[in-house]
Every structure is written in structure tokens, then in C-alpha cells.
Amino acid sequence: MGVYLGLNRSMPLPSLKRLPGYLRVLQRLASRGQESVSCTQIAGELDLDPTQVRKDLAATGIVGKPRVGYQVKELASVVESFLGWNNVSDAFLAGAGNLGSALVNYDAFSDCGLNIVAVFDVDPGKIGTRLNGREVFALERMRELARRMRIKVGINAVPAAHSQHVVDQMIAGGIRAIWNFAPVKLEVPETILVENVSLSASWAVLSARLREGRGLEG
């Protein structure tokens, strides 16, 4: 099982992937003025096991109080800090097509500490235009600008056939973490972090469950 390493703590990936859900619950409770929360309440909001919630939260370093639980705002701050969402990460995005445009226009990334500052493409018709306020540059400039701006995060939204070349340019520019939306296995050094997003795999799970009769009836 993969393990997330950060702040001298480790967390299994399934636990790490549950943290954003906890944070959304905490933010919703805070907006309602609720001051304290228990693992049982968080678990009930997300249909999870309270024991699992307690273990996940303990891995962030915070400890709840018996019969009181956690202070909502304090817990939200701890979870946000653990995820690194309280520190904005500037990122370059490669690919100004439909997927890239959708990612650039997803303003909620700012709530997750992600700021796409520039977009890159090879299409002359797109270079020099703007997507949601971000300029589209020629792909050949990505390495130079990444080094100059000290960008550490790259988002790959180009077709699979061109992804390896694009990612090589990202790495040459000093980018160390890559969010890959292309359905392709990338060859990268061990020091480079890669998170693959497979839209087809996610859809396969949903469609298979629907076929098995686990979807909506009628």
C-alpha cells in the first residue's frame, strides 16, 4: 500500500484521500456556527466507520478530548495544513484543449491551495490567447519559464502520444510534482512525484456497478 510522507508523519493513501471529505464537513459545520464535533458525527456525514475517522485524524497529530471531541475550526486548520492546502502552490498546465480549459476554469482549485498561473500548447491558434485570465504560451517556453518562476507543480492534459515529451520538458524545467490526466504510463526519475488521474477507470467502476444492478432503479 502506498504511503503519504509529510511533516515526519506517514499516512496510508486511502486515509489521505478521505481527508478532503472531512475538511468539507468541518467547513460546513463551521459555517453553521458549530464549535465542536465528534468522530461519530463526521462519520455519519460521510457514511464511514467512526473508528476509521478517529485513526485518520490521529495521523494528522491532533488529539480529541473525551466527551467533547474536537474544536471544529482547529481541526479544520490541522487537516488543511496536513494536506498543504494552506500554502498556495503555483502550477503550469500543458494542454489548452477541452480538458485543459475545464481545469483552468475550475476556480475551486484555489480552495485546495492550487493556482494555475500559465497554460502551454503547440497550437498556433491558441498561443497568445487567454483562458480564465491565464495566458497560453508556446510549449517550447515551458522549461525556461518554469525555471525562472521556480514552478514545482505541472499538470499534464495533453494527448497520451505527446505526454512523455511534455513531462520531460516539465522535469527539465525543475518541476517535481506532476498531475497526469493522460491515459499513459510516464517514465520519470524516482525523485519525481506523479499522480495519475484515470477518468476512464472511474467511469468503468460506475458503469460496471450500474450493469450489476447497483444503480438507480426504474
Original post:
Heavy-atom distance under 4.5 Å between the side chains of L75 and I42, does that happen here?
Top reply: yes
Original post:
Does any non-hydrogen side-chain atom of W179 lie less than 4.5 Å from one of L114?
Top reply: yes
Subject >> E35, CD: over 12 other non-hydrogen atoms inside 6.0 angstrom >> reply: no
Please set out all donor-acceptor pairs under 3.5 angstrom arising from side-chain atoms of residues 181-194, sequence neighbours excluded.
none

**OP:** Decide whether I175 and V136 are clustered together by the hydrophobic rule: side chain heavy atoms of Ile, Leu, Val, Met, Phe, Trp, Tyr closer than 4.5 Å, transitively.
**Re:** no
Subject >> Polar contact flag, side-chain donor to acceptor under 3.5 angstrom, S31-R28 >> reply: no
Subject >> Residue among D49, D56, D47 satisfying salt bridge (Lys or Arg N to Asp or Glu O under 4.0 Å) with R18 >> reply: D56
**OP:** Answer whether the closest heavy-atom distance between the side chains of D111 and W85 falls below 4.5 Å.
**Re:** no
Subject >> Any N132 side-chain heavy atom under 4.5 Å of D107 side chain >> reply: yes
**OP:** Quick one: pull up CG in L26 and CG in L57 and give me the separation to the nearest 0.5 Å.
**Re:** 7.5 Å
Original post:
CD of Q71 to CD of Q34: how many Å apart, nearest 0.5 Å?
Top reply: 10.5 Å
Original post:
After noting the C-alpha distance and the side-chain angles of T51 and R54, does the key distance pass the side-chain contact (heavy atoms from CB on, under 4.5 Å) rule?
Top reply: CA-CA 5 Å; T51 301; R54 186 173 296 106; 4.2 Å; yes
Original post:
If two hydrophobic side chains count as joined below 4.5 Å and joins carry through other members, does V167 share a cluster with V153?
Top reply: no
Original post:
So which heavy atom on N180 is nearest to which on N156, and how close?
Top reply: OD1-ND2, 2.8 Å
**OP:** Quick one: list whatever passes ring pair (Phe, Tyr, Trp, His ring centres under 6.0 Å) with F137, sequence neighbours left out.
**Re:** F120
Subject >> Atom pair NE2/CE of H165 and M170 - distance to nearest 0.5 Å >> reply: 11.0 Å
**OP:** Locate the shortest heavy-atom distance separating M11 from L19; write the atom from each residue and the value.
**Re:** SD-CD1, 3.7 Å
**OP:** Determine whether more than 12 heavy atoms belonging to other residues, nucleotides or ligands lie under 6.0 Å from atom CZ of R130.
**Re:** yes
Original post:
To the nearest 0.5 Å, how far apart are CE in M142 and CG in D121?
Top reply: 10.5 Å
Original post:
Listed by chain and number, what are the side-chain contact (heavy atoms from CB on, under 4.5 Å) partners of P50, not counting sequence neighbours?
Top reply: T40, A43
Original post:
Are V68 and I62 connected, step by step, through hydrophobic side chains (Ile, Leu, Val, Met, Phe, Trp, Tyr) whose heavy atoms are closer than 4.5 Å?
Top reply: no
Original post:
Apart from L206 itself, what residues make up its hydrophobic cluster when side-chain heavy atoms of I, L, V, M, F, W and Y under 4.5 Å apart count as a link, directly or indirectly?
Top reply: W203
**OP:** Evaluate the side-chain proximity of R176 to I171: yes if any heavy-atom separation is below 4.5 Å, no if none is.
**Re:** yes
Original post:
Is the count of non-hydrogen atoms from other residues, nucleotides or ligands lying under 6.0 Å from K152 atom NZ greater than 12?
Top reply: yes
Original post:
Can you find a pair of side-chain heavy atoms, one from L16 and one from F82, that are under 4.5 Å apart?
Top reply: yes
**OP:** Report the distance from atom CD1 of I178 to atom CD of E195, rounding to the nearest 0.5 Å.
**Re:** 12.0 Å
Original post:
Out of curiosity, L139 CG to H162 NE2, how far, rounded to the nearest 0.5 Å?
Top reply: 10.5 Å
Original post:
In terms of hydrophobic clustering (I, L, V, M, F, W, Y; side-chain heavy atoms under 4.5 Å; direct or indirect links), are L46 and V78 co-clustered?
Top reply: yes
**OP:** Among residues two or more places apart or on two chains, list those pairs meeting side-chain hydrogen bond (donor to acceptor under 3.5 Å, both in side chains) that have a residue in residues 138-150.
**Re:** R143-Q169, E144-R148
Original post:
Quick one: do F109 and L23 end up in the same hydrophobic cluster if we chain Ile, Leu, Val, Met, Phe, Trp and Tyr together by side-chain heavy atoms under 4.5 Å apart?
Top reply: no
Original post:
Side chains of V25 and Q41: does their closest heavy-atom pair fall under 4.5 Å?
Top reply: no
If you look only at distance, which donor and acceptor atoms sit under 3.5 Å apart when one is on a side chain in residues 88-100 and the other is two or more places apart or in another chain?
{"unit_1": "D90", "atom_1": "OD1", "unit_2": "N115", "atom_2": "ND2", "d": "3.1"}

